[in-house]
Asks: 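Dropping a structure here in structure tokens format, bear with me for questions.
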Amino acid sequence: MKKSIADIMAIRESMQSQIILRDNVDAEKEIHLIVGMGTSGINAGAREVFNALVDYVEEHELKGFRVTRTGSLAGEGHEPVLEVRVPGKDPVVYTDTTVAKAVEIIKNLAK
Amino acid sequence: MYRTHILVCGGTGCHSNNSGKIREAFEEQIKARGLDGDVCVVGTGCFGLCAVGPIIIIYPEGAFYSCVTVEDVPEIIEEHIVKGRLVERLLYHEKALGNKAVHSLAETNFYKKQTRVALHNCGVINPEKIDEYIARDGYQALIKCLTEYEPQQIIDIVSASGLRGRGGAGFPTGRKWQFAKNQVNDTKYVCCNADEGDPGAFMDRSVLEGDPHAVLEAMTIAGYAIGSHQGYIYVRAEYPIAVERLKIAIAQSREYGLLGKDILGTGFDFDIELKLGSGAFVCGEETALMTSIAASLVPVLLSRRSRACLENRPSSTTSRRTPTSLR
């Protein structure tokens with residue numbers, strides 16, 4: 001179907017959040033959130049935490065953020081573990097993360 | 001919403017090394033594991049570094065796997081997608097860095113100092129989906145040109161930008177467009193030279209395969225600037241993937257009303273046709289190329305073509321940089 005200029009703008013808007021993940025962010029400037037996804041981490045809900053963070057980045061079209069998975073970050077018994085690396089600062093490790101806590105963390109980082 | 005994107009290179013190099021089968025294997029196994037709501041598999045254009053293909057890149061990590069085979073697919077899904085661990089043995093190992101594993105394409109020695117301009121969509125979007133091109137600001141330059149500028153203003157901007165032909169001769173693009181615009185003629189054509197006969201040169205192919213809409217958009221802008229309503233892309237028949245993706249792109253653009261009559265309701269008409277060259281090296285030369293295109297058209301065109309025809313060579317860098325400089 002033929003599109004109007006407004007239609008093209010709407011497609012651009014809605015598609016941008018879907019491909020924002022593919023932007024290569026500058027490793028020295030980006031805020032890096034790493035979710036420990038060893039077996040026990042996954043059991044404790046690490047996947048839900050990871051998914052919530054990626055969804056937040058996409059929904060709010062945050063630039064300069066990268067959410068990645070890794071193997072176990074240790075801290076068994078206090079999982080899910082979330083490590084936050086802000087350039088120029090010491091890394092911070094959060095334990096017993098929940099979806100709500102993760103969203104609060106990224107919300108504060110994005111301010 | 002997808003949380004993981006698996007990008008599989010679909011350029012000619014990787015394709016001839018089975019990347020199509022690798023993509024299918026990912027699609028099947030992702031589906032079989034019920035991950036298809038979370039993970040999308042995307043066939044893209046060329047990432048570069050074809051010698052270590054087939055290449056796949058997985059986002060959000062940006063992990064860059066090289067020399068991947070169909071047999072590696074289950075391990076990548078199990079380790080990377082499910083458990084979140086990089087598959088170290090498939091990461092690209094950079095000789096210049098003492099055979100160290102490189103985690104992402106941007107970290108390789110080759111790309112570290114580069115900013116991709118003409119190829120900025122290659123290996124990022126699915127070239128068969130117009131919406132992904134639009135998401136990366138595709139067709140914004142065309143909209144701007146058609147709604148905000150008179151043709152002469154566009155030529156002035158292109159002249160001022162200093163953009164020159166990327167085919168080797170470096171002829172100023174703005175001046176070429178001005179000559180074509182100044183011609184008093186009822187029919188003018190925009191010709192895109194994608195013949196690329198030069199041995200071992202594949203930059204046109206990379207753009208055509210990886211970002212075909214960029215070529216269409218730039219040609220439409222050129223058409224508006226010089227007063228033409230018809231464009232031809234002269235492309236080698238030996239580039240089957242490029243031809244296929246161009247056909248898809250042209251069909252999508254026509255469907256969206258970005259080619260054809262009354263583009264986006266602005267009253268401007270422009271359409272593009274493909275002409276396949278049959279591998280004669282000489283047809284990369286401007287007058288030979290135009291004669292070759294004209295030979296398959298009505299004879300009357302021969303008498304009109306000579307100076308009214310505009311060669312935009314190569315499609316690649318010129319087309320990509322033109323919209324970039326207009327933004």
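Every chain is numbered from 1 and lettered A, B, ... according to where its sequence line falls, protein lines coming before strand lines. Here the structure is a predicted model, which means the values were calculated and not measured.
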Asks: Need one label for B:Leu146: side chain, backbone, both or neither, based on atoms under 4.5 Å from any heavy atom in chain A.
Replies: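 Answer is neither: B:Leu146 stays 4.5 Å or more from chain A.
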
Asks: For the pair A:Met15 and B:Tyr133, evaluate side chain to side chain contact (heavy atoms under 4.5 Å, CB included) and give the outcome as yes or no after the intermediate values.
Replies: CA-CA 9 Å; A:Met15 283 298 293; B:Tyr133 177 69; over 6 Å; no

Asks: Does any heavy atom of chain A fall under 4.5 Å from the side chain of B:Ile143, the backbone, both, or neither of them?
Replies: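 Answer is side chain: those atoms of B:Ile143 sit under 4.5 Å from chain A.
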
Asks: Please report the interatomic distance NZ(A:Lys2) to CG(B:Leu264), rounded to the nearest 0.5 Å.
Replies: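 Nearest 0.5 Å value for the NZ-CG distance: 9.0 Å.
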
Asks: Taking CD in B:Gln153 as the centre, count heavy atoms belonging to other residues, nucleotides or ligands within less than 6.0 Å. Is the count above 12?
Replies: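 Buried by this count: over 12 neighbours within 6.0 Å.
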
Asks: Atom NE2 of residue position B:His15 - does it have more than 12 heavy atoms of other residues, nucleotides or ligands inside 6.0 Å?
Replies: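 Counting neighbours around NE2 of B:His15, 12 or fewer heavy atoms of other residues, nucleotides or ligands fall under 6.0 Å, so no.
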
Asks: With a 4.5 angstrom heavy-atom cut-off, could you sort out which part of B:Thr4 is near chain A: side chain, backbone, both or neither?
Replies: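 Both parts, heavy atoms under 4.5 Å.
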
Asks: Working to the nearest 0.5 angstrom, can you tell me the gap between A:Ile5 CD1 and B:Gln140 CD?
Replies: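 Between atom CD1 of A:Ile5 and atom CD of B:Gln140 there are 9.5 Å.
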
Asks: Between chain A and each of B:Pro60, B:Gly257, B:Gly265, count heavy-atom pairs under 4.5 Å; write down the option with the most.
Replies: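 That would be B:Pro60.
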
Asks: Is it the side chain or the backbone of B:Leu86 that comes within 4.5 Å of chain A heavy atoms, both, or neither?
Replies: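 Neither part.
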
Asks: For each of A:Ile11, A:Asn51, A:Leu53, A:Ile42, tally heavy-atom pairs with chain B at distances under 4.5 Å, and name the one with the top tally.
Replies: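 Sorted descending by pairs with chain B, the first entry is A:Asn51.
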
Asks: Between B:Tyr2 and chain A, with a heavy-atom cut-off of 4.5 Å, which part of the residue counts as in contact: side chain, backbone, both or neither?
Replies: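 The answer is the backbone of B:Tyr2.
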
Asks: Specify which of B:Val124, B:Ile263, B:Asp38 makes the most heavy-atom pairs with chain A at under 4.5 Å.
Replies: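 Heavy-atom pair counts peak at B:Val124.
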
Asks: Does any backbone or side-chain atom of A:Gln16 lie under 4.5 Å from a heavy atom of chain B? Answer side chain, backbone, both or neither.
Replies: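 For A:Gln16, heavy atoms of backbone and side chain both lie under 4.5 Å from chain B.
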
Asks: Taking atom CZ of B:Arg136 and atom CZ of A:Arg12, what is their separation to the nearest 0.5 Å?
Replies: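 These two atoms lie 12.0 Å from each other.
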
Asks: Find the distance between CD (A:Glu13) and CD1 (B:Ile134) and round it off to the nearest 0.5 Å.
Replies: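 That separation rounds to 13.0 Å.
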
Asks: Would you sort out whether B:Glu61 and A:Ile34 count as a side chain to side chain contact (heavy atoms under 4.5 Å, CB included), showing the intermediate values?
Replies: CA-CA 10 Å; B:Glu61 289 86 357; A:Ile34 307 158; over 6 Å; no

Asks: In Å and rounded to the nearest 0.5 Å, what is the CD1 to CG distance from A:Ile19 to B:Leu7?
Replies: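 That separation rounds to 10.0 Å.
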
Asks: Which distance, rounded to the nearest 0.5 Å, do you find between the CZ of A:Arg69 and the CD1 of B:Ile81?
Replies: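 These two atoms lie 5.5 Å from each other.
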
Asks: Do you know which of B:Leu258, B:Val82, B:Ile57 has the most heavy-atom pairs with chain A at a distance under 4.5 angstrom?
Replies: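 Counting heavy-atom pairs under 4.5 Å, the top option is B:Val82.
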
Asks: For residues 99-111 of chain A, which residue pairs qualify under side chain to side chain donor-acceptor pair (under 3.5 Å), counting only residues two or more places apart or in two chains?
Replies: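 Qualifying pairs, neighbours excluded: A:Asn108-A:Lys111.
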
Asks: When only pairs under 4.5 Å are counted, which of A:Glu58, A:Met37, A:Met9 shares the most heavy-atom pairs with chain B?
Replies: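 When all of A:Glu58, A:Met37, A:Met9 are compared, A:Glu58 has the most.
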
